[in-house]
Every structure is written in structure tokens, then in C-alpha cells.
Student: 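Handing you a structure now.
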Amino acid sequence: MSRYVLYFEQQNIADIDIDYVQDQRWGWIPNGWRVTEMLANGSRRLVAVAKVTSYSINTPVTDEP
């Protein structure tokens, strides 16, 4: 797991915790993340949870809809 910490005016305002899974071909890829925000009283509140359900790497990209 990795954590990305967001600061504003030298105060922690949010954390993003990222979970990874190892893909045999591509190595470690993000599997999901949780976003928490710091409240004024110093506690944390869960804002969002995301889970990767599928992914593709190095596939052709088209500009067609």
C-alpha cells in the first residue's frame, strides 16, 4: 500500500491510500484506493472508496466514440 498525502498551507487535508496487486506481465498495478479527509477536530472522515474492476495496458487508442 502507498499513501499520498495532500497538504494545504502546511496542514494535512487529505490522504489517498492506494492498494496494489501484482500482475505477472506488468508488475504492480493499482487495485483500489480510499480517500480520507482531515476534519478540524483532528479526526478523519472517509470520503470515497474505489476498486479497479478491469484494466488494459498498451492497447490502441482511437478518437472514435
Side-chain angles (χ1 to χ4, degrees):
M1 178 181 359
S2 293
R3 174 173 283 171
Y4 177 80
V5 180
L6 181 61
Y7 282 89
F8 179 73
E9 294 183 354
Q10 300 178 350
Q11 291 188 20
N12 178 343
I13 61 170
D15 294 333
I16 303 172
D17 294 309
I18 307 166
D19 295 320
Y20 292 86
V21 65
Q22 190 168 20
D23 181 279
Q24 288 188 358
R25 180 173 181 190
W26 301 107
W28 292 97
I29 58 167
N31 188 42
W33 53 92
R34 289 171 303 288
V35 180
T36 56
E37 68 178 352
M38 294 292 289
L39 301 177
N41 66 5
S43 65
R44 297 175 190 262
R45 176 173 57 187
L46 182 63
V47 176
V49 176
K51 181 78 172 163
V52 175
T53 58
S54 67
Y55 62 91
S56 59
I57 298 175
N58 289 343
T59 57
V61 177
T62 66
D63 56 2
E64 296 178 16

Student: Of the non-hydrogen atoms in A14 and N12, which two are nearest, and what is the gap between them?
Tutor: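 Reported closest heavy-atom pair: N-OD1, 3.1 Å.
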Student: Apply side chain to side chain contact (heavy atoms under 4.5 Å, CB included) to the pair K51 and N31, showing each step before the final yes or no.
Tutor: CA-CA 6 Å; K51 181 78 172 163; N31 188 42; 2.8 Å; yes
Student: Are W33 and V52 side-chain neighbours, meaning at least one heavy-atom pair lies under 4.5 Å?
Tutor: yes
Student: Please check if atom CG in D63 has more than 12 non-hydrogen atoms from other residues, nucleotides or ligands closer than 6.0 Å.
Tutor: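 Not more than 12 within 6.0 Å, no.
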Student: If I take atom CE from residue M38 and atom CZ from residue F8, how far apart are they, to the nearest 0.5 angstrom?
Tutor: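 The CE atom of M38 sits 15.5 Å away from the CZ atom of F8.
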Student: Taking only distance into account, with no hydrogens and no angle test, what donor-acceptor pairs under 3.5 Å do side-chain atoms of residues 18-30 form with protein atoms, sequence neighbours excluded?
Tutor:
residue: D19; atom: OD2; partner: R34; partner atom: NH1; Å: 2.9
residue: D23; atom: OD1; partner: R25; partner atom: N; Å: 2.8
residue: D23; atom: OD1; partner: W26; partner atom: N; Å: 2.8
residue: D23; atom: OD2; partner: Y55; partner atom: OH; Å: 2.4

Student: Do the side chains of R3 and V5 get nearer than 4.5 Å, heavy atoms only?
Tutor: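 Yes, at least one pair of side-chain atoms sits under 4.5 Å.
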Student: Report the distance from atom CD1 of I13 to atom CG of L39, rounding to the nearest 0.5 Å.
Tutor: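 One gets 12.0 Å once the value is rounded to the nearest 0.5 Å.
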